Student: 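Have a look at this one.
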Amino acid sequence: MAFMRGLLGLVLLLMLGLAPAFGAETPGSGPARPMVGLALSGGGARGLAHIGVLEVLEEAGVPVDLIAGTSMGSIVGGLYSAGYRTDQIRGMVSQVDWQEAFSSTPSRDLLEFSQKDDSQRHLLEVGLDGSGVKLPSGLLSGYKLTLLLTRLCLPVAGVHDFDRLPIPFRAVATDLTNGEAVVLGQGSLAMAMRASMSIPGVFPPLELDKRLLVDGGVVQNLPVQTVKDMGAALTVAVNVSTPLRTRENLKDVLQVMDQTISLQMVLSTQTQAKQADLVIEPDLTGYSNADFGKAEELRRLGREAAQAALPRLLALLEQRGVALAPRQRPGLALVHGIVVGKVSLEGPQEYWKDVRRLAPLKEGQEVSTDHLDQAAQKIYGQGMFQSVSYRLEPLPDGRSEVVFILDEKNYGKYVSRFGLYLEGTTEGASTANFYLNFRQPNLFFTGSYAELDLQAGRTLGGAARLMLPNRPWDGLFFQPEAFYYSTTHNIYANKDIRAEYLHDTRGVNLDVGQELGTWGQLRLGYVLRLDSVSPRIATVQVPENSDLVSAPRAVLRIDTLDRFPYPRRGFRSELTALRALRYLGSEIDFMRLVWEGSWVWPLGRAGFLVPNWTLATSLDGAPSNSQIMFLGGYPGLLGAATDEFRGQEIMRLQLLHRYPLSDSLNWITAVNMGAASDSMDQVAQPERWFWGGGAGLGMATPLGPVELLLGLGQEGRVAAYVVFGLPH
């Protein structure tokens, strides 16, 4: 009898051990039938076709017991495995601003004022130390994509074993150090999906469990073998990967390099596809892996391909003895808020005070997930981190521990940034300025830095400055600066250039400032500078003079624009007051007020109206030629040449309309008027105003705006403007 009991026990153990392969139903192992597995390939935006395939399978009652996904397939498959319905995933996709999700720039209205334009004026950032130049490990940080996936996965944040999800799931990544496929089935679902989509060269590698991971498409873009290893007896593969280029499309170095990288991926996909029982391959001809704005079209094509393959799939299911099981998935409710139980930091502890300053969460406080995302963006905006994310750890009392995860840039001691501004015009001289910035961050303490700005082009020179924030007084800072700049200017008469001269300025600024939250900044300071004017080429008389200016100065800046360079809402203003006084050592005595501003008015489907202006006056003094101001050209006075008009009094008004043709492309029209003179009475006379306007296209690119405009002005002026980058 004991022998029989032992034999029965052995048979039972064998049956349990073989259950995943044959579908014997055990807790957490699937139904008592052959299990159906779904392998979803990568393909960038083309992966949105997976949603349409899942819709058809769900409507037909096809049971999906296991899912493995790579890259975009891991995101769609992971969300579906977590419990979201296809209509929920479809809604999420339609609501995501994909351009924003892949952006590395924090929302401008979350940044401290001094950071708002800082990162957007440079094309490239590298690190410098004793070993040489250190390039970033990806063009984009991907931190916003991480935050998005974290928020979507919060309902299952407590599930660390992916077999315990409503549908067991695996995400496939690649170990960058040895090229091995890494199958992720435990840990954070959001981070597994994010690792699987770490496109090499685009996003930095993601470190998980001491392994450096990149996109799984490098080794297994169609994870058929993975879903088989999970226990699938019938495997359906959905391939949305980008095919190889034809010979006709291998004409330049970039196309050849792209094809070389894709060869191994495509060969691997073909090998994996042969192992599947059925391959669904939507016809995505003409769609690229960046077409996230065409989500509905891609979903529809996925539906069409799945419906065409459905008869073959149903026959396979019947042949394998798998019955259809129509059912309504309950779906998954998004987490919109939590109660804070504790806040902690995973990363360099010297940033703890900055984390608490920028994310002042208190125990017992109810906060929304939007609030957590904004806190992460504020921390990232400090410019010290490759990535900032968070995770929530449930506490016994029902509250959550918020763990901020900081991945510091591996740049070494110094950071160098490069910028470029190009302006070509048919009227007057073109402009080309190159910018180079060297910064030593955290010089004395976190937040302090020393930097050197260099500029070459129409303006030659640079500035050295210190930034010394006073942490006990939140937002207060001291900034001394020494500078030298030499700028080439033209003098016009009757639309023609009659002279060219140099304006040199050198000196020091000593400023004390206060950040006014995220919307403004107030500076009070002292300026000591020497301005000199010297002619280079002249057919008219150009006064040559030199003036020492000693003056207290106040600057109030306000900026609530939501994005740059093409904001959708907000206000921007800079008001400067300077009083040069002889008893402080100034050689000239005058007061200068300058107010520049713009206001973005949303017009619904009609686009955006952007009135912008410049008002400048010297009030009670008569400054010399060294203090002259300029007006004309791009962007504020279209139809005129760059700096065509000059004087001590300036008045300019422009009404600009911007109509978005796409997420990044805009049609721009503008009308403007302006005047410059040495007398405010003359400036106020309408007959002295210059009238003009223009129209053209503007495109936002990762390297800065590119604009092509045609300007028309008085007396038959026609000016074409080609612009790239942002002036400093």
Side-chain angles (χ1 to χ4, degrees), residues 420-433 458 489-490 492-497 561 563-568 570 572 596-603 605-616 629-647 650-676 683 686-701 703-727:
L420 174 66
Y421 175 71
L422 301 175
E423 179 187 337
T425 175
T426 55
E427 293 288 323
S430 297
T431 297
N433 277 332
R458 182 187 174 202
H489 289 290
N490 298 318
Y492 292 80
N494 297 322
K495 302 186 294 183
D496 297 324
I497 297 176
L561 300 179
R563 60 164 58 178
F564 212 69
Y566 301 118
R568 298 167 296 187
R572 184 168 183 161
E596 295 184 290
S598 63
W599 198 343
V600 181
W601 291 354
L603 301 177
R605 294 184 179 180
F608 305 90
L609 183 65
V610 188
N612 58 93
W613 60 88
T614 302
L615 298 173
M629 295 182 288
F630 298 91
L631 178 67
Y634 171 91
L637 199 63
L638 300 179
T642 301
D643 294 349
E644 181 175 349
F645 307 105
R646 55 202 299 269
I650 297 286
M651 182 183 296
R652 181 194 66 85
L653 175 63
Q654 182 182 76
L655 290 177
L656 182 144
H657 179 263
R658 190 176 72 249
Y659 182 79
L661 300 174
S662 69
D663 287 341
S664 59
L665 186 63
N666 294 267
W667 175 253
I668 299 170
T669 55
V671 293
N672 43 236
M673 51 81 49
V683 167
E687 62 270 17
R688 299 186 65 91
W689 294 351
F690 171 86
W691 293 85
L697 293 171
M699 175 178 286
T701 76
L703 299 179
V706 178
E707 296 189 347
L708 174 61
L709 299 103
L710 180 65
L712 303 175
Q714 288 178 205
E715 300 177 358
R717 285 178 173 84
V718 178
Y721 308 94
V722 180
V723 181
F724 170 68
L726 293 170

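These figures come from a predicted structure and were not determined experimentally. Count residues from 1 along the sequence.
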Student: Are the side chain of W689 and the backbone N or O of V683 linked by a donor-acceptor pair below 3.5 Å?
Tutor: yes
Student: Hey, can you tell me if H657 and Y659 have their rings parallel, tilted or perpendicular (30° and 60° cut-offs)?
Tutor: parallel
Student: Roughly how far, to the nearest 0.5 Å, is OG1 of T614 from CD of E596?
Tutor: 4.0 Å
Student: Considering non-hydrogen atoms only, spot the tightest contact between S598 and V610 and give its length.
Tutor: CB-CG1, 4.4 Å
Student: Could you report the tightest heavy-atom contact between Q654 and P635, atom names first, then the distance?
Tutor: NE2-O, 2.9 Å
Student: Looking only at heavy atoms, what is the nearest atom pair of G647 and A676, with distance?
Tutor: N-CB, 4.2 Å
Student: Quick one: pull up CG in L655 and CG in L609 and give me the separation to the nearest 0.5 Å.
Tutor: 6.0 Å
Student: For L422 and A432, which heavy atoms make the closest approach, and how far apart are they?
Tutor: CD2-CB, 3.7 Å
Student: Suppose we screen for side-chain contact (heavy atoms from CB on, under 4.5 Å). Which residues come up paired with R568, at least two apart in sequence or across chains?
Tutor: D97, D562, R563, F608
Student: Looking at W599 and G570, what are the two nearest heavy atoms and their distance?
Tutor: CD1-O, 3.4 Å
Student: Side chain of Y721, backbone of G639: donor and acceptor closer than 3.5 Å?
Tutor: yes
Student: Under 3.5 Å, is there a donor-acceptor pair between the side chain of N672 and the main chain of R652?
Tutor: no
Student: Of all heavy-atom pairs between L637 and G674, which one has the smallest distance, and what is that distance?
Tutor: CD1-N, 3.9 Å
Student: Can you tell me which residue pairs pass the salt bridge (Lys or Arg N to Asp or Glu O under 4.0 Å) test with a partner in residues 704-715, sequence neighbours excluded?
Tutor: E715-R717
Student: Can you tell me how far the OH atom of Y566 sits from the CG atom of L665, to the nearest 0.5 Å?
Tutor: 8.5 Å
Student: Measure the spacing between CG of L638 and CG of L712 and express it to the nearest 0.5 Å.
Tutor: 9.5 Å
Student: Quick check for you: to the nearest 0.5 Å, what is the distance between N612 atom CG and L653 atom CG?
Tutor: 7.5 Å
Student: Kindly assign one of parallel, tilted or perpendicular to the pair F645 and F690, based on the angle between their ring planes and the thresholds 30° and 60°.
Tutor: tilted
Student: Please report the interatomic distance CG(L631) to CG(D643), rounded to the nearest 0.5 Å.
Tutor: 8.5 Å
